[in-house]
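Beneath this line is the structure, given in structure tokens, with notes to follow.
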Amino acid sequence: MQEQKYYRKGFKMRGDIQHLLNRDYRSEVVEKIRERGNTLETDGLTLRIADEFGFCYGVDRAVDYAFQTRQKFPDRRIFLTGDMIHNASMNNRLREMGVEFLSQGFDGRPDEKFDEINAEDVVILPAFGAPVEWIGKLRDRGCIVVDATCGSVLAVWKRVTRYAQKGFTSIIHGKYYHEETKATASQTRKEGGNGKYLIVRNLKETGYVTDFIRGRIGAEELKEKLAHGMSPGFDPEEDLQRVGVANQTTMLMSETMKVGEEIRKAMEERYGREHLAEHFELFDTICSATQDRQDALLKLLEDPLDVMVIIGGYNSSNTNNLAIIAKERVERSYHIANGECIQGNIIRHKPPGTPLDPREEVEEEGWLPEGPVRVGLTAGASTPNSQIGLAIGRILEARNLSPEVALA
Ligand code: SF4
């Protein structure tokens, strides 16, 4: 019988690896605080955790598939097309398990190892997915592919593919260097698509597009400003006549809504309300996990807090957006990569709104005020409970407390 080569649903071995996931990613501290309604009060310290935080369904599934894959193929070479998720400890854990990476960081170009893949190898596609061309190459090589692309990412791909097949250009609200956005942009070339896309990162970049649509700037100026996020040979005159808006799943919900609305208004002005449907489509593709975490944080921030701690990789898009939301309401907001960033009264953190780069980290002394203090906590979709538990332990330690005593 011919060996199955493409797996989309893992290997139904969760039961076999659950103990490994528990060992690496569970946290009793987090579970106990959850049982107490996500609040811990002890010796003048009130710790409140958002109702939704940490691992999302897509990340949970991708991590599960990676562990299952190792178990299923103990003797084969296993590769990942890039970071499994934007969490350094998780990626390091996979390296320890012998998983090799075919590209590194946001550069995202496949390295030489990609050309060495053969039919005996196993390649995992992470939750972000991978560009169409990469998947095609892997199929050509006849290797086993374990596809852990999140269903919410697939929903965006479907939308973008449909836009392209209808001859619409996809305007993607996302980060042009992010793996998910690169993979999404590549979907415009699938199944007879027109291959046209334009990536806008924020409202400022959206403003260049709407200025062009309204005739306020020319094609050359637009190309100059957004060159980093355009499909090859992009011709604004031709390619911005019919557009469909989609977004990276982890963007700031409020910003995504505004991006779509700004483009809609500009298209309506140019083509008239009666012709709008022939020139403009919009589909909100923020995933429900991102939305739930942003909503839960906003709810947490309704009550006054003195300090807010956000845990997650510095290159994690959804975590960075949580940090931006928190900073707007709580001046002392700290985005930390993991619990080890807290050492007594010193905290290492990435100031919200700075680029997604670990080198942005700064150190601050006296981060936790003396006396009664209210601390809020949340974590991005790629942060395991074990790291959240560690951070809680460090916060308690900063007040000379311990989880064992506080949660007794
Ligand atoms: S953040 Fe959303 S799209 Fe990304 S893996 Fe999680 S659920 Fe899927």
Side-chain angles (χ1 to χ4, degrees), residues 8-10 14 21 25 50-69 80-91 94 106 108 124-131 146-161 170 172-187 199 245-257 283-298 310-325 335 356 378-385 387-388:
R8 283 187 197 280
K9 296 186 174 168
R14 176 102 185 196
L21 297 176
Y25 303 120
D51 289 342
E52 296 283 343
F53 61 88
F55 268 16
C56 59
Y57 48 85
V59 165
D60 183 68
R61 179 171 162 275
V63 172
D64 173 22
Y65 286 6
F67 275 67
Q68 286 191 32
T69 304
L80 257 164
T81 50
D83 282 356
M84 183 64 183
I85 55 176
H86 287 149
N87 182 293
S89 71
M90 162 64 67
N91 294 319
L94 293 173
F106 281 139
I124 305 171
L125 310 182
F128 315 117
V146 181
D147 187 348
T149 308
C150 177
S152 296
V153 174
L154 292 174
V156 188
W157 289 4
K158 211 165 146 189
R159 176 57 46 174
V160 166
T161 304
S170 293
I172 305 166
H173 176 220
K175 293 164 183 145
Y176 66 91
Y177 46 77
H178 193 283
E179 296 95 319
E180 181 193 312
T181 294
K182 285 184 188 169
T184 297
S186 79
Q187 293 291 316
I199 300 166
V245 181
N247 48 269
Q248 187 181 317
T249 54
T250 50
M251 299 304 277
L252 202 54
M253 180 70 183
S254 52
E255 189 178 59
T256 276
M257 306 284 283
F283 189 77
D284 162 24
T285 52
I286 292 277
C287 78
S288 59
T290 295
Q291 197 172 332
D292 290 348
R293 276 153 190 71
Q294 291 179 9
D295 290 347
L297 173 59
L298 287 166
I310 305 98
I311 313 161
Y314 291 151
N315 55 354
S316 157
S317 172
N318 78 90
T319 312
N320 274 276
N321 286 329
L322 292 174
I324 288 169
I325 293 173
H335 173 183
L356 282 68
T378 191
S382 44
T383 311
N385 278 359
Q387 281 184 13
I388 300 166

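First listed ligand is number 1; within each ligand, the first listed atom is number 1.
Contact check for P126 versus T81: side-chain heavy atoms found under the 4.5 Å cut-off. Side-chain contact check for Q294 versus I286: every heavy-atom pair is 4.5 Å or farther apart. Looking only at side-chain heavy atoms (C-beta outward), M253 and T290 stay at 4.5 Å or farther from each other.
Looking only at atom types and distance, the side chain of T249 has a donor-acceptor partner in the side chain of E180 under 3.5 Å away.
Partners of F67 according to the ring pair (Phe, Tyr, Trp, His ring centres under 6.0 Å) rule, which considers only residues two or more places apart in sequence or in another chain, do not exist here.
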Requested in this report: Please assess H86 against S382 for the test side chain to side chain donor-acceptor pair (under 3.5 Å), listing each intermediate value before the final yes or no.
Outcome: CA-CA 6 Å; H86 287 149; S382 44; over 6 Å; no

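Counting only distances under 2.8 Å, and ignoring water, the protein N, O or S atoms around atom 6 (Fe) of ligand 1 are C56 SG.
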